[in-house]
Amino acid sequence: MDDTQKPKEALLAEVLALREALRRNNAELEQFAYVASHDLKAPLRGIANLSHWLEEDLGPRLGEESRRQLELLRGRVHRMEAMLDGLLDYSRAGRATHAPEPVDVGALIHTVMARLPEGDTARLEVGPGMPTLLTEHLPLQQVFMNLLSNALKHARGEHPLRVRVEAKAAQDFHHFSVADNGPGIAPAYHEKIFAPFQTLVARDKVEGSGMGLCVVKKLVEGQGGRVWVESSGGATFHFTWPRHEVERS
């Protein structure tokens, strides 16, 4: 065997071993997330049920303060369930791959907004020039779902909520932005909000898992893009997505 071949073979073996270790680690992470999101929900549901049974059994003997505490307990249970769901969403984000298909981004945005619980409360503006991309549908849909949902949850002020989505071509990527007219985000938190379980508003005021933007970051970076936020008179979330446009006949 040629001596020059040995280092290459050793390097290849090392790369293959690292890939196998990564595969095992990913499988273990997914199994952990599955257990967390399914098995741990059983005792949580039990706690919620017990609180209902106590409330029913005690009936009029239950004081207003005790009733409020039971409602608070159930709220914490629902929050924990949402956090477990967020953990599972994060572990799955970008793992499943699907064949690229033509995606009309403008139509996708309107569809996503209509599916959100409070989607009809906001004025949605979709800028001109929305592309039709040849891409995986579900990851891009999840990105817009999380960004629009985030706007609906947090951008509540004295004025009617307005969300504007724009797109522009930038070399090999499309640059999308989702802007709202809410209170905005202080610069000190522009990086923090993309970390797991991070929220800027107390969960007693705005319920959420704190995983939505973390999932967005993972999905966008998995496509080779990047995501960031700017804030001046509202919050504007930017992300880039590979520019594989469908040729128009």
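All values below come from the heavy atoms of this structure, side chains included, with hydrogens, waters and symmetry mates left out.
What you find for L134 and P102 is that their closest heavy atoms are CD1-N, 3.8 Å. When all heavy atoms are compared, the tightest approach of K217 to V227 is CA-CG1, 3.7 Å. Across V112 and M145, no two heavy atoms sit closer than the pair CG1-CA, 3.5 Å. Annotation for T236 and A179: closest pair OG1-CB, 3.4 Å, computed over non-hydrogen atoms. In plain terms, the two heavy atoms of V126 and G106 that are nearest each other are CG1-CA, 4.5 Å. The two residues P139 and L219 come nearest to each other via the heavy atoms O-CD1, 3.8 Å.
Partner of S51 under the side-chain hydrogen bond (donor to acceptor under 3.5 Å, both in side chains) criterion, chosen from E71, E56, R74: R74.
Hydrophobic cluster membership for L16: L12 (Ile, Leu, Val, Met, Phe, Trp, Tyr linked by side-chain heavy atoms under 4.5 Å, directly or transitively). Cluster partners of L54 are absent, since no Ile, Leu, Val, Met, Phe, Trp or Tyr has side-chain heavy atoms less than 4.5 Å from it. Other members of a hydrophobic cluster containing W228 are absent, since no ILVMFWY side chain comes under 4.5 Å of it, directly or through relayed contacts.
Among residues two or more places apart in sequence or in another chain, the side-chain contact (heavy atoms from CB on, under 4.5 Å) test is passed with A167 by M130, P131, F176. Every residue meeting the salt bridge (Lys or Arg N to Asp or Glu O under 4.0 Å) condition with E65, not counting sequence neighbours, appears here in chain and number order: R68. Annotation: salt bridge (Lys or Arg N to Asp or Glu O under 4.0 Å) contacts of R67 (sequence neighbours excluded): E55. Under the side-chain contact (heavy atoms from CB on, under 4.5 Å) criterion, F173 pairs with T240, P242, sequence neighbours left out. The side-chain contact (heavy atoms from CB on, under 4.5 Å) check on L50 picks up W53, with sequence neighbours excluded. Residues passing the side-chain hydrogen bond (donor to acceptor under 3.5 Å, both in side chains) test with Q223: none are found, sequence neighbours excluded. For H238, the side-chain hydrogen bond (donor to acceptor under 3.5 Å, both in side chains) criterion is met by H175, E230, not counting sequence neighbours. Remark: H137 pairs with E101, V103, L108, Q141 by the side-chain contact (heavy atoms from CB on, under 4.5 Å) rule, at least two apart or across chains.
A single hydrophobic cluster is not seen to contain both L138 and V143; linkage of ILVMFWY side chains at heavy-atom distances under 4.5 Å, directly or through other members, places them apart.
M113 is listed as a side-chain neighbour of L152, based on a closest heavy-atom distance under 4.5 Å. Counting heavy atoms from C-beta on, the side chains of I193 and I185 come closer than 4.5 Å.
Listed by first then second residue, pairs satisfying salt bridge (Lys or Arg N to Asp or Glu O under 4.0 Å) with a partner in residues 164-173 read E125-R164, R164-E166, not counting sequence neighbours.
Within 6.0 Å of atom CD in E191, 12 or fewer heavy atoms from other residues, nucleotides or ligands are found, so the atom counts as exposed in its surroundings.
Listed for the D104 side chain is no donor-acceptor partner under 3.5 Å among the backbone atoms of T132. Here the side chain of N150 pairs no donor or acceptor atom with the backbone of N146 at under 3.5 angstrom. No side-chain donor-acceptor contact under 3.5 Å links S66 to the backbone of L62. Remark: the backbone N or O of R162 is paired with a side-chain donor or acceptor of N181 at under 3.5 angstrom.
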inquiry  = I'd like to know whether L133 forms a side chain to side chain contact (heavy atoms under 4.5 Å, CB included) with H174, so could you lay out the CA-CA distance, the side-chain angles of the two residues, the decisive distance to 0.1 Å, and finally the verdict.
reply    = CA-CA 9 Å; L133 300 178; H174 267 286; 3.5 Å; yes
For this session: Evaluate the criterion side chain to side chain contact (heavy atoms under 4.5 Å, CB included) for residue pair V229 and Y189; output intermediate values, then yes/no.
Result: CA-CA 10 Å; V229 64; Y189 298 100; over 6 Å; no
| task | Assess whether side chain to side chain contact (heavy atoms under 4.5 Å, CB included) is satisfied between V216 and F239, documenting all intermediate values. | result | CA-CA 9 Å; V216 167; F239 71 94; 5.6 Å; no
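Rounded to the nearest 0.5 Å, atoms CG (L124) and CG (L148) are 7.0 Å apart. Between the CD atom in E14 and the CG atom in L18 there is a gap of 5.5 Å [rounded to 0.5 Å]. Rounding to the nearest 0.5 Å places CZ of F194 at 16.0 Å from NZ of K218.
Proximity of the aromatic rings of F144 and F237 is defined here by a centroid distance below 6.0 angstrom, and this criterion is not met.
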